[in-house]
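Below is one structure, written out as C-alpha coordinates; comments come after it.
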Number of protein chains: 2
Amino acid sequence: MPGDDPAAPRWRRRKEARPREIVDAALTVFGERGFAAARLEDVAAQAGVSKGTLYLYFPNKEELFKAVVREAILPNLDMAERLLAGAQGPSFAVLETLLTLFATRILKSRAGAIPKLIIAEAGNFPDLARFYYDEVIRRAFALLAAVLERGMARGEFRPVDVDSTVRLIVAPMLMSALWRSSFEALEGRPPDVAALLAAHLDALRRTLAPEGGPPS
Amino acid sequence: MPGDDPAAPRWRRRKEARPREIVDAALTVFGERGFAAARLEDVAAQAGVSKGTLYLYFPNKEELFKAVVREAILPNLDMAERLLAGAQGPSFAVLETLLTLFATRILKSRAGAIPKLIIAEAGNFPDLARFYYDEVIRRAFALLAAVLERGMARGEFRPVDVDSTVRLIVAPMLMSALWRSSFEALEGRPPDVAALLAAHLDALRRTLAPEGGPPS
DNA sequence: AGCTAATAACTGACTGGTCAGTAATATTTT
DNA sequence: AAAATATTACTGACCAGTCAGTTATTAGCT
(Lines give C-alpha, C1' and ligand atoms only; values in the text may rest on other atoms or scores of the structure.)
Protein backbone atom coordinates (compact mmCIF):
# COMPACT_ATOMS: atom_id res chain seq x y z
CA MET A 1 0.00 0.00 0.00
CA PRO A 2 1.20 3.52 -0.67
CA GLY A 3 1.65 5.38 2.58
CA ASP A 4 2.93 2.37 4.48
CA ASP A 5 6.41 3.73 4.77
CA PRO A 6 6.44 7.41 5.68
CA ALA A 7 10.00 7.70 4.43
CA ALA A 8 9.16 6.41 0.95
CA PRO A 9 8.46 9.15 -1.60
CA ARG A 10 4.86 9.62 -2.67
CA TRP A 11 5.86 9.13 -6.27
CA ARG A 12 8.98 8.69 -8.35
CA ARG A 13 10.18 10.12 -11.63
CA ARG A 14 10.03 7.38 -14.21
CA LYS A 15 10.28 9.18 -17.48
CA GLU A 16 11.16 6.10 -19.52
CA ALA A 17 8.56 3.69 -18.18
CA ARG A 18 5.54 5.99 -18.19
CA PRO A 19 4.60 6.03 -21.86
CA ARG A 20 4.37 2.28 -22.12
CA GLU A 21 2.40 1.99 -18.89
CA ILE A 22 0.00 4.71 -19.94
CA VAL A 23 -0.57 3.19 -23.35
CA ASP A 24 -1.15 -0.17 -21.74
CA ALA A 25 -3.68 1.27 -19.33
CA ALA A 26 -5.32 3.13 -22.18
CA LEU A 27 -5.76 -0.09 -24.16
CA THR A 28 -7.60 -1.58 -21.20
CA VAL A 29 -9.88 1.38 -20.57
CA PHE A 30 -10.59 2.18 -24.22
CA GLY A 31 -11.32 -1.50 -24.73
CA GLU A 32 -13.87 -1.53 -21.95
CA ARG A 33 -15.59 1.76 -22.66
CA GLY A 34 -14.83 2.82 -26.21
CA PHE A 35 -13.00 5.99 -27.13
CA ALA A 36 -15.52 8.70 -26.37
CA ALA A 37 -16.81 7.19 -23.14
CA ALA A 38 -13.40 6.32 -21.71
CA ARG A 39 -12.36 8.74 -18.99
CA LEU A 40 -8.77 9.86 -18.95
CA GLU A 41 -9.04 9.94 -15.19
CA ASP A 42 -9.59 6.17 -15.31
CA VAL A 43 -6.67 5.67 -17.66
CA ALA A 44 -4.49 7.61 -15.28
CA ALA A 45 -5.67 5.64 -12.27
CA GLN A 46 -5.08 2.35 -14.09
CA ALA A 47 -1.57 3.49 -14.95
CA GLY A 48 -0.93 4.51 -11.35
CA VAL A 49 -0.50 8.13 -12.25
CA SER A 50 -2.49 11.33 -12.09
CA LYS A 51 -4.46 12.82 -14.93
CA GLY A 52 -2.11 15.71 -15.48
CA THR A 53 0.75 13.29 -16.08
CA LEU A 54 -0.94 11.92 -19.17
CA TYR A 55 -0.59 15.34 -20.71
CA LEU A 56 3.14 15.36 -20.13
CA TYR A 57 3.47 12.42 -22.51
CA PHE A 58 0.54 12.76 -24.92
CA PRO A 59 -0.89 16.00 -26.23
CA ASN A 60 -4.50 14.79 -26.15
CA LYS A 61 -6.87 11.85 -26.11
CA GLU A 62 -6.68 11.18 -29.85
CA GLU A 63 -2.91 10.96 -29.90
CA LEU A 64 -3.01 8.60 -26.95
CA PHE A 65 -5.35 6.39 -28.89
CA LYS A 66 -3.12 6.40 -31.93
CA ALA A 67 -0.26 5.32 -29.71
CA VAL A 68 -2.37 2.40 -28.53
CA VAL A 69 -2.99 1.25 -32.10
CA ARG A 70 0.67 1.61 -32.97
CA GLU A 71 1.70 -0.52 -30.04
CA ALA A 72 -1.02 -3.17 -30.11
CA ILE A 73 -1.71 -3.73 -33.80
CA LEU A 74 1.14 -2.64 -36.02
CA PRO A 75 3.76 -5.13 -34.77
CA ASN A 76 1.41 -7.97 -35.70
CA LEU A 77 0.96 -6.54 -39.17
CA ASP A 78 4.72 -6.31 -39.56
CA MET A 79 5.02 -9.93 -38.56
CA ALA A 80 2.33 -10.99 -41.03
CA GLU A 81 4.00 -9.12 -43.88
CA ARG A 82 7.36 -10.72 -43.14
CA LEU A 83 5.63 -14.09 -43.06
CA LEU A 84 4.22 -13.69 -46.54
CA ALA A 85 7.47 -12.29 -47.93
CA GLY A 86 9.37 -15.38 -46.78
CA ALA A 87 6.70 -17.95 -47.64
CA GLN A 88 7.78 -20.98 -49.65
CA GLY A 89 4.95 -23.53 -49.42
CA PRO A 90 1.38 -23.67 -50.72
CA SER A 91 -0.67 -20.50 -50.57
CA PHE A 92 -3.49 -22.02 -48.59
CA ALA A 93 -1.07 -22.82 -45.80
CA VAL A 94 -0.04 -19.16 -45.75
CA LEU A 95 -3.67 -18.13 -45.49
CA GLU A 96 -4.21 -20.63 -42.72
CA THR A 97 -1.25 -19.33 -40.79
CA LEU A 98 -2.36 -15.74 -41.16
CA LEU A 99 -5.87 -16.43 -39.90
CA THR A 100 -4.58 -18.51 -37.03
CA LEU A 101 -2.17 -15.75 -36.16
CA PHE A 102 -5.02 -13.27 -36.08
CA ALA A 103 -7.16 -15.55 -33.95
CA THR A 104 -4.43 -16.01 -31.36
CA ARG A 105 -2.56 -12.70 -31.35
CA ILE A 106 -5.48 -10.31 -31.73
CA LEU A 107 -8.72 -12.07 -30.86
CA LYS A 108 -7.49 -13.59 -27.65
CA SER A 109 -5.61 -10.52 -26.49
CA ARG A 110 -6.93 -7.20 -25.26
CA ALA A 111 -6.16 -5.80 -28.72
CA GLY A 112 -9.27 -7.65 -29.90
CA ALA A 113 -11.28 -4.72 -28.61
CA ILE A 114 -9.72 -2.28 -31.06
CA PRO A 115 -11.75 -3.14 -34.16
CA LYS A 116 -14.96 -2.59 -32.25
CA LEU A 117 -13.64 0.65 -30.98
CA ILE A 118 -12.78 1.94 -34.42
CA ILE A 119 -16.06 0.92 -35.95
CA ALA A 120 -17.93 2.44 -33.07
CA GLU A 121 -16.25 5.82 -33.20
CA ALA A 122 -15.33 6.25 -36.85
CA GLY A 123 -18.32 8.46 -37.51
CA ASN A 124 -17.68 10.85 -34.66
CA PHE A 125 -13.87 10.91 -34.92
CA PRO A 126 -13.02 10.93 -38.63
CA ASP A 127 -9.34 11.56 -37.97
CA LEU A 128 -9.15 8.32 -36.05
CA ALA A 129 -10.95 6.47 -38.82
CA ARG A 130 -8.59 7.87 -41.42
CA PHE A 131 -5.55 6.95 -39.34
CA TYR A 132 -6.73 3.38 -38.80
CA TYR A 133 -7.80 2.96 -42.39
CA ASP A 134 -4.42 4.08 -43.72
CA GLU A 135 -2.25 2.32 -41.18
CA VAL A 136 -4.10 -0.94 -40.66
CA ILE A 137 -6.96 -1.73 -43.01
CA ARG A 138 -5.25 -0.88 -46.26
CA ARG A 139 -2.19 -2.87 -45.31
CA ALA A 140 -4.17 -5.89 -44.09
CA PHE A 141 -6.30 -5.94 -47.23
CA ALA A 142 -3.26 -5.63 -49.48
CA LEU A 143 -1.65 -8.51 -47.62
CA LEU A 144 -4.60 -10.84 -48.12
CA ALA A 145 -4.99 -9.74 -51.73
CA ALA A 146 -1.34 -10.65 -52.29
CA VAL A 147 -1.91 -14.13 -50.88
CA LEU A 148 -4.87 -14.64 -53.22
CA GLU A 149 -2.90 -13.39 -56.22
CA ARG A 150 -0.06 -15.71 -55.32
CA GLY A 151 -2.41 -18.68 -55.07
CA MET A 152 -4.08 -17.90 -58.37
CA ALA A 153 -0.75 -17.37 -60.12
CA ARG A 154 0.45 -20.74 -58.89
CA GLY A 155 -2.76 -22.48 -59.98
CA GLU A 156 -3.64 -23.38 -56.40
CA PHE A 157 -6.77 -21.21 -56.28
CA ARG A 158 -9.44 -20.84 -58.87
CA PRO A 159 -9.84 -17.30 -60.28
CA VAL A 160 -11.94 -15.20 -57.90
CA ASP A 161 -12.90 -11.57 -57.47
CA VAL A 162 -10.06 -10.48 -55.19
CA ASP A 163 -11.73 -7.60 -53.41
CA SER A 164 -14.91 -9.49 -52.52
CA THR A 165 -12.96 -12.56 -51.48
CA VAL A 166 -10.72 -10.57 -49.17
CA ARG A 167 -13.81 -9.29 -47.45
CA LEU A 168 -15.22 -12.79 -47.17
CA ILE A 169 -11.99 -13.94 -45.56
CA VAL A 170 -11.85 -11.11 -43.07
CA ALA A 171 -15.51 -10.90 -42.09
CA PRO A 172 -15.83 -13.89 -39.73
CA MET A 173 -12.65 -12.99 -37.89
CA LEU A 174 -13.73 -9.44 -37.49
CA MET A 175 -17.17 -10.49 -36.39
CA SER A 176 -15.65 -12.66 -33.69
CA ALA A 177 -13.78 -9.69 -32.36
CA LEU A 178 -16.88 -7.53 -32.31
CA TRP A 179 -18.95 -10.29 -30.81
CA ARG A 180 -16.59 -10.78 -27.94
CA SER A 181 -16.66 -7.11 -27.08
CA SER A 182 -20.42 -6.81 -27.31
CA PHE A 183 -22.31 -9.98 -26.49
CA GLU A 184 -19.99 -12.39 -24.76
CA ALA A 185 -21.53 -11.48 -21.43
CA LEU A 186 -25.04 -12.20 -22.70
CA GLU A 187 -24.48 -15.67 -24.09
CA GLY A 188 -24.10 -18.53 -21.69
CA ARG A 189 -21.04 -20.17 -23.14
CA PRO A 190 -18.05 -18.26 -24.50
CA PRO A 191 -17.90 -18.32 -28.31
CA ASP A 192 -15.93 -21.25 -29.70
CA VAL A 193 -13.34 -19.41 -31.78
CA ALA A 194 -11.52 -22.60 -32.67
CA ALA A 195 -14.67 -24.18 -34.11
CA LEU A 196 -15.47 -21.06 -36.08
CA LEU A 197 -11.95 -20.84 -37.44
CA ALA A 198 -12.03 -24.52 -38.45
CA ALA A 199 -15.37 -24.11 -40.21
CA HIS A 200 -14.14 -20.96 -41.90
CA LEU A 201 -10.96 -22.60 -43.18
CA ASP A 202 -12.97 -25.55 -44.39
CA ALA A 203 -15.33 -23.24 -46.27
CA LEU A 204 -12.43 -21.30 -47.76
CA ARG A 205 -10.75 -24.49 -48.91
CA ARG A 206 -13.89 -25.46 -50.80
CA THR A 207 -14.42 -21.94 -52.11
CA LEU A 208 -10.90 -21.48 -53.43
CA ALA A 209 -10.36 -24.99 -54.78
CA PRO A 210 -9.81 -25.12 -58.55
CA GLU A 211 -12.37 -27.26 -60.35
CA GLY A 212 -10.01 -30.21 -60.55
CA GLY A 213 -9.35 -30.91 -56.84
CA PRO A 214 -8.37 -29.46 -53.43
CA PRO A 215 -5.94 -26.50 -53.39
CA SER A 216 -3.66 -27.64 -50.63
CA MET B 1 -40.60 28.49 -43.79
CA PRO B 2 -42.30 28.84 -40.43
CA GLY B 3 -43.13 32.46 -39.84
CA ASP B 4 -43.94 33.18 -43.45
CA ASP B 5 -47.59 33.49 -42.75
CA PRO B 6 -48.27 35.54 -39.62
CA ALA B 7 -51.73 34.01 -39.37
CA ALA B 8 -50.42 30.42 -39.33
CA PRO B 9 -50.03 28.93 -35.85
CA ARG B 10 -46.50 28.41 -34.53
CA TRP B 11 -47.22 24.71 -34.15
CA ARG B 12 -50.11 22.27 -34.42
CA ARG B 13 -51.37 19.43 -32.28
CA ARG B 14 -50.61 16.20 -34.09
CA LYS B 15 -50.82 13.56 -31.44
CA GLU B 16 -51.09 10.63 -33.88
CA ALA B 17 -48.31 11.58 -36.27
CA ARG B 18 -45.70 12.56 -33.68
CA PRO B 19 -44.43 9.16 -32.50
CA ARG B 20 -43.68 7.95 -36.00
CA GLU B 21 -41.99 11.21 -36.96
CA ILE B 22 -39.90 11.23 -33.82
CA VAL B 23 -38.82 7.62 -34.26
CA ASP B 24 -37.96 8.35 -37.85
CA ALA B 25 -35.86 11.35 -36.89
CA ALA B 26 -34.23 9.30 -34.15
CA LEU B 27 -33.20 6.62 -36.64
CA THR B 28 -31.45 9.28 -38.69
CA VAL B 29 -29.67 10.96 -35.81
CA PHE B 30 -28.73 7.76 -33.96
CA GLY B 31 -27.49 6.38 -37.27
CA GLU B 32 -25.24 9.35 -37.81
CA ARG B 33 -23.90 9.79 -34.30
CA GLY B 34 -24.45 6.57 -32.36
CA PHE B 35 -26.58 6.30 -29.27
CA ALA B 36 -24.50 8.05 -26.64
CA ALA B 37 -23.34 10.90 -28.86
CA ALA B 38 -26.74 11.61 -30.41
CA ARG B 39 -28.33 14.71 -28.94
CA LEU B 40 -32.02 14.57 -28.27
CA GLU B 41 -32.10 18.24 -29.17
CA ASP B 42 -31.06 17.23 -32.69
CA VAL B 43 -33.65 14.47 -32.83
CA ALA B 44 -36.28 16.98 -31.84
CA ALA B 45 -35.13 19.51 -34.43
CA GLN B 46 -35.13 16.85 -37.12
CA ALA B 47 -38.67 15.88 -36.16
CA GLY B 48 -39.76 19.52 -36.22
CA VAL B 49 -40.59 19.53 -32.56
CA SER B 50 -39.10 20.77 -29.31
CA LYS B 51 -37.07 18.68 -26.93
CA GLY B 52 -39.76 18.58 -24.30
CA THR B 53 -42.17 16.99 -26.74
CA LEU B 54 -39.98 13.93 -27.04
CA TYR B 55 -40.61 13.27 -23.39
CA LEU B 56 -44.35 13.38 -23.88
CA TYR B 57 -44.09 10.32 -26.10
CA PHE B 58 -41.03 8.45 -24.82
CA PRO B 59 -39.91 8.22 -21.20
CA ASN B 60 -36.19 8.46 -22.00
CA LYS B 61 -33.46 8.04 -24.58
CA GLU B 62 -33.22 4.27 -24.21
CA GLU B 63 -36.91 3.68 -24.79
CA LEU B 64 -36.79 5.91 -27.83
CA PHE B 65 -34.01 3.78 -29.18
CA LYS B 66 -35.94 0.58 -28.55
CA ALA B 67 -38.83 2.06 -30.48
CA VAL B 68 -36.48 2.68 -33.39
CA VAL B 69 -35.39 -0.94 -33.42
CA ARG B 70 -38.97 -2.15 -33.20
CA GLU B 71 -39.99 -0.04 -36.15
CA ALA B 72 -36.95 -0.46 -38.39
CA ILE B 73 -35.86 -4.06 -37.80
CA LEU B 74 -38.60 -6.26 -36.41
CA PRO B 75 -41.00 -6.05 -39.38
CA ASN B 76 -38.24 -7.41 -41.60
CA LEU B 77 -37.66 -10.30 -39.22
CA ASP B 78 -41.38 -11.06 -39.25
CA MET B 79 -41.31 -11.12 -43.02
CA ALA B 80 -38.30 -13.42 -43.07
CA GLU B 81 -39.93 -15.85 -40.65
CA ARG B 82 -43.10 -15.98 -42.72
CA LEU B 83 -40.99 -16.59 -45.79
CA LEU B 84 -39.32 -19.64 -44.29
CA ALA B 85 -42.58 -20.98 -42.87
CA GLY B 86 -44.17 -20.95 -46.31
CA ALA B 87 -41.14 -22.12 -48.27
CA GLN B 88 -41.67 -24.97 -50.72
CA GLY B 89 -38.60 -25.12 -52.95
CA PRO B 90 -34.92 -25.94 -52.41
CA SER B 91 -33.29 -24.70 -49.21
CA PHE B 92 -30.51 -22.88 -50.95
CA ALA B 93 -33.06 -20.70 -52.72
CA VAL B 94 -34.52 -19.81 -49.32
CA LEU B 95 -31.08 -18.85 -48.06
CA GLU B 96 -30.48 -16.81 -51.18
CA THR B 97 -33.76 -14.98 -50.76
CA LEU B 98 -33.06 -14.24 -47.10
CA LEU B 99 -29.64 -12.79 -47.79
CA THR B 100 -30.91 -10.75 -50.70
CA LEU B 101 -33.71 -9.48 -48.53
CA PHE B 102 -31.22 -8.41 -45.92
CA ALA B 103 -29.02 -6.71 -48.50
CA THR B 104 -31.90 -4.69 -49.92
CA ARG B 105 -34.15 -4.04 -46.93
CA ILE B 106 -31.51 -3.40 -44.26
CA LEU B 107 -28.17 -2.66 -45.87
CA LYS B 108 -29.50 -0.15 -48.36
CA SER B 109 -31.85 1.57 -45.94
CA ARG B 110 -31.07 3.80 -43.00
CA ALA B 111 -31.67 0.77 -40.77
CA GLY B 112 -28.25 -0.45 -41.90
CA ALA B 113 -26.77 1.81 -39.26
CA ILE B 114 -28.39 -0.07 -36.39
CA PRO B 115 -25.99 -3.02 -36.16
CA LYS B 116 -23.07 -0.66 -35.84
CA LEU B 117 -24.87 1.26 -33.23
CA ILE B 118 -25.59 -1.79 -31.13
CA ILE B 119 -22.08 -3.12 -31.38
CA ALA B 120 -20.67 0.26 -30.55
CA GLU B 121 -22.75 0.84 -27.44
CA ALA B 122 -23.38 -2.66 -26.11
CA GLY B 123 -20.65 -2.33 -23.52
CA ASN B 124 -21.86 0.96 -22.10
CA PHE B 125 -25.59 0.23 -22.32
CA PRO B 126 -26.10 -3.39 -21.34
CA ASP B 127 -29.88 -3.04 -21.28
CA LEU B 128 -29.84 -2.08 -24.93
CA ALA B 129 -27.58 -5.01 -25.76
CA ARG B 130 -29.83 -7.42 -23.92
CA PHE B 131 -32.91 -6.06 -25.69
CA TYR B 132 -31.34 -6.34 -29.12
CA TYR B 133 -29.91 -9.75 -28.42
CA ASP B 134 -33.27 -11.13 -27.30
CA GLU B 135 -35.43 -9.45 -29.90
CA VAL B 136 -33.23 -9.59 -32.97
CA ILE B 137 -30.10 -11.70 -32.81
CA ARG B 138 -31.59 -14.78 -31.23
CA ARG B 139 -34.46 -14.79 -33.72
CA ALA B 140 -32.23 -14.19 -36.73
CA PHE B 141 -29.84 -16.95 -35.71
CA ALA B 142 -32.68 -19.38 -35.07
CA LEU B 143 -34.07 -18.57 -38.48
CA LEU B 144 -30.83 -19.31 -40.30
CA ALA B 145 -30.24 -22.42 -38.20
CA ALA B 146 -33.69 -23.64 -39.27
CA VAL B 147 -32.81 -23.15 -42.92
CA LEU B 148 -29.63 -25.16 -42.48
CA GLU B 149 -31.44 -27.94 -40.64
CA ARG B 150 -34.05 -28.04 -43.37
CA GLY B 151 -31.40 -28.31 -46.06
CA MET B 152 -29.53 -31.06 -44.24
CA ALA B 153 -32.72 -32.99 -43.55
CA ARG B 154 -33.61 -32.86 -47.24
CA GLY B 155 -30.14 -33.95 -48.28
CA GLU B 156 -29.48 -30.67 -50.06
CA PHE B 157 -26.66 -29.60 -47.74
CA ARG B 158 -23.82 -31.68 -46.40
CA PRO B 159 -23.73 -32.02 -42.59
CA VAL B 160 -22.15 -28.93 -41.05
CA ASP B 161 -21.69 -27.43 -37.61
CA VAL B 162 -24.82 -25.30 -37.48
CA ASP B 163 -23.70 -22.63 -35.04
CA SER B 164 -20.41 -21.89 -36.81
CA THR B 165 -22.06 -21.94 -40.21
CA VAL B 166 -24.73 -19.48 -39.17
CA ARG B 167 -21.97 -17.10 -38.12
CA LEU B 168 -20.18 -17.61 -41.41
CA ILE B 169 -23.38 -16.77 -43.27
CA VAL B 170 -24.08 -13.65 -41.27
CA ALA B 171 -20.60 -12.21 -41.00
CA PRO B 172 -20.12 -10.71 -44.48
CA MET B 173 -23.57 -9.11 -44.44
CA LEU B 174 -22.95 -7.65 -41.04
CA MET B 175 -19.53 -6.46 -42.03
CA SER B 176 -21.00 -4.64 -45.01
CA ALA B 177 -23.34 -2.80 -42.71
CA LEU B 178 -20.53 -1.82 -40.37
CA TRP B 179 -18.31 -0.83 -43.22
CA ARG B 180 -20.85 1.46 -44.73
CA SER B 181 -21.31 3.28 -41.46
CA SER B 182 -17.63 3.61 -40.75
CA PHE B 183 -15.45 3.78 -43.82
CA GLU B 184 -17.60 4.50 -46.82
CA ALA B 185 -16.52 8.12 -46.73
CA LEU B 186 -12.84 7.16 -46.75
CA GLU B 187 -12.84 4.83 -49.73
CA GLY B 188 -13.07 6.32 -53.17
CA ARG B 189 -15.76 4.10 -54.61
CA PRO B 190 -18.82 2.94 -52.69
CA PRO B 191 -18.61 -0.73 -51.69
CA ASP B 192 -20.05 -3.08 -54.27
CA VAL B 193 -22.66 -4.88 -52.19
CA ALA B 194 -23.98 -6.82 -55.17
CA ALA B 195 -20.54 -8.22 -55.99
CA LEU B 196 -19.94 -9.18 -52.38
CA LEU B 197 -23.34 -10.86 -52.13
CA ALA B 198 -22.70 -12.79 -55.35
CA ALA B 199 -19.29 -13.95 -54.16
CA HIS B 200 -20.73 -14.89 -50.80
CA LEU B 201 -23.55 -16.93 -52.31
CA ASP B 202 -21.09 -18.63 -54.59
CA ALA B 203 -18.88 -19.51 -51.65
CA LEU B 204 -21.84 -20.78 -49.66
CA ARG B 205 -23.00 -22.95 -52.55
CA ARG B 206 -19.62 -24.62 -52.65
CA THR B 207 -19.39 -24.88 -48.88
CA LEU B 208 -22.81 -26.45 -48.40
CA ALA B 209 -22.79 -28.74 -51.43
CA PRO B 210 -22.96 -32.44 -50.58
CA GLU B 211 -19.97 -34.40 -51.84
CA GLY B 212 -21.93 -35.67 -54.88
CA GLY B 213 -22.86 -32.40 -56.61
CA PRO B 214 -24.29 -28.88 -56.24
CA PRO B 215 -27.02 -28.35 -53.60
CA SER B 216 -29.42 -26.33 -55.71
C1' DA C 1 -72.92 31.19 -35.40
C1' DG C 2 -69.96 33.52 -31.79
C1' DC C 3 -68.05 33.78 -27.34
C1' DT C 4 -65.82 31.54 -23.33
C1' DA C 5 -63.85 28.39 -20.39
C1' DA C 6 -61.30 23.96 -19.93
C1' DT C 7 -57.96 20.84 -21.50
C1' DA C 8 -54.36 18.69 -24.16
C1' DA C 9 -50.24 19.49 -26.70
C1' DC C 10 -46.21 21.80 -26.91
C1' DT C 11 -42.18 24.96 -25.76
C1' DG C 12 -37.69 26.38 -24.14
C1' DA C 13 -35.00 27.99 -20.21
C1' DC C 14 -32.90 25.74 -16.52
C1' DT C 15 -30.51 22.18 -13.42
C1' DG C 16 -27.25 18.91 -12.10
C1' DG C 17 -23.71 16.14 -13.38
C1' DT C 18 -19.78 14.84 -16.39
C1' DC C 19 -15.25 15.30 -18.30
C1' DA C 20 -11.23 17.02 -21.52
C1' DG C 21 -7.95 20.00 -21.00
C1' DT C 22 -5.21 23.76 -18.19
C1' DA C 23 -3.03 26.41 -14.37
C1' DA C 24 -1.09 26.66 -10.14
C1' DT C 25 1.47 24.28 -6.88
C1' DA C 26 4.21 20.52 -4.84
C1' DT C 27 7.86 16.96 -4.67
C1' DT C 28 11.87 14.60 -6.31
C1' DT C 29 16.30 14.60 -8.34
C1' DT C 30 20.69 16.60 -9.71
C1' DA D 1 19.19 26.24 -5.97
C1' DA D 2 17.31 24.96 -10.34
C1' DA D 3 15.25 21.76 -13.41
C1' DA D 4 12.33 18.04 -14.17
C1' DT D 5 8.47 15.51 -13.05
C1' DA D 6 4.22 14.98 -10.95
C1' DT D 7 -0.18 16.31 -8.49
C1' DT D 8 -4.34 18.83 -7.42
C1' DA D 9 -7.79 22.07 -8.12
C1' DC D 10 -10.04 24.40 -11.43
C1' DT D 11 -12.55 26.00 -15.95
C1' DG D 12 -15.58 25.77 -19.68
C1' DA D 13 -18.42 23.22 -22.69
C1' DC D 14 -21.79 19.83 -23.16
C1' DC D 15 -26.30 17.48 -22.63
C1' DA D 16 -30.24 14.34 -20.54
C1' DG D 17 -34.00 15.20 -18.28
C1' DT D 18 -37.44 18.61 -15.84
C1' DC D 19 -41.03 21.89 -15.34
C1' DA D 20 -43.41 26.38 -15.28
C1' DG D 21 -45.56 28.59 -18.54
C1' DT D 22 -47.68 29.23 -23.47
C1' DT D 23 -50.62 28.15 -27.39
C1' DA D 24 -53.78 25.38 -30.13
C1' DT D 25 -57.93 22.87 -29.98
C1' DT D 26 -62.24 21.29 -28.20
C1' DA D 27 -66.52 21.50 -25.60
C1' DG D 28 -70.01 24.03 -23.46
C1' DC D 29 -72.99 27.77 -23.43
C1' DT D 30 -75.87 31.34 -25.32
Side-chain angles (χ1 to χ4, degrees), chain A residues 2-23 25-26 29-30 32-68 117 121 123-125 127-128, chain B residues 2-23 25-26 29-30 32-68 117 121 123-125 127-128:
Chain A
D4 267 3
D5 180 357
R10 293 209 289 124
W11 45 264
R12 291 177 187 285
R13 302 161 95 177
R14 296 173 56 241
K15 189 178 167 54
E16 288 73 27
R18 295 295 191 217
R20 186 184 305 271
E21 292 171 358
I22 291 169
V23 166
V29 177
F30 284 148
E32 282 166 0
R33 295 284 231 260
F35 178 75
R39 290 181 308 186
L40 290 187
E41 200 120 19
D42 289 349
V43 174
Q46 175 88 16
V49 113
S50 76
K51 193 167 96 169
T53 299
L54 301 187
Y55 286 88
L56 298 174
Y57 295 99
F58 302 93
N60 56 45
K61 206 180 182 183
E62 286 207 14
E63 288 302 322
L64 174 56
F65 178 77
K66 289 184 188 175
V68 169
L117 227 149
E121 320 272 6
N124 295 322
F125 300 90
D127 289 359
L128 251 43
Chain B
D4 267 2
D5 179 359
R10 293 208 289 118
W11 45 266
R12 290 178 186 286
R13 303 165 100 179
R14 296 174 57 241
K15 187 180 169 52
E16 286 73 27
R18 293 298 189 211
R20 187 185 303 273
E21 291 172 358
I22 292 169
V23 166
V29 177
F30 284 148
E32 282 166 359
R33 297 285 231 258
F35 178 75
R39 288 181 310 182
L40 290 188
E41 201 122 16
D42 289 349
V43 173
Q46 175 90 16
V49 112
S50 78
K51 197 166 105 171
T53 299
L54 301 187
Y55 285 88
L56 298 176
Y57 295 99
F58 303 93
N60 55 47
K61 204 180 183 183
E62 286 210 12
E63 289 302 321
L64 174 57
F65 177 77
K66 289 184 186 175
V68 170
L117 227 149
E121 320 271 5
N124 295 323
F125 301 90
D127 289 359
L128 251 44

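Convention: sequence-line order gives letters A, B, ...; per-chain numbering from 1. All heavy atoms count here, side chains included; hydrogens, waters and symmetry mates do not.
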Here the side-chain hydrogen bond (donor to acceptor under 3.5 Å, both in side chains) pairs for residues 32-41 of chain B, sequence neighbours left out, are B:Arg39-B:Asp42

Per-nucleotide protein contact along nucleotides 11-16 of chain D, 5' to 3', at a 4.0 Å heavy-atom cut-off (B base, S sugar-phosphate only, - neither), is ----SB

Taken in chain and number order and not counting sequence neighbours, the residues that satisfy ring pair (Phe, Tyr, Trp, His ring centres under 6.0 Å) with B:Tyr55 are none

note: B:Leu56, atom CG; D:dC19, atom P; distance rounded to Å ~ 13 Å

Ring pair (Phe, Tyr, Trp, His ring centres under 6.0 Å) filter on B:Phe35, not counting sequence neighbours, yields B:Phe30, B:Phe65, B:Phe125

note: B:Arg18, atom CZ; C:dT11, atom P; distance rounded to Å ~ 6 Å

B:Lys61 meets the salt bridge (charged side-chain N to carboxylate O under 4.0 Å, His left out) criterion, sequence neighbours left out, with none

Validation row: A:Leu40, A:Leu64 side chains within 4.5 angstrom (heavy atoms) | yes

In whole angstroms, the gap separating C1' of C:dT18 from CZ of A:Arg33 amounts to 12 Å

Q) Can you check whether A:Tyr57 has a side-chain N or O nearer than 4.0 Å to OP1 or OP2 of D:dA6? A) yes

- Message: Quick check on D:dA6: is either OP1 or OP2 less than 4.0 Å from any side-chain nitrogen or oxygen of A:Thr53?
- Response: no

Sorted by chain and number, sequence neighbours left out, salt bridge (charged side-chain N to carboxylate O under 4.0 Å, His left out) with A:Glu62 holds for none

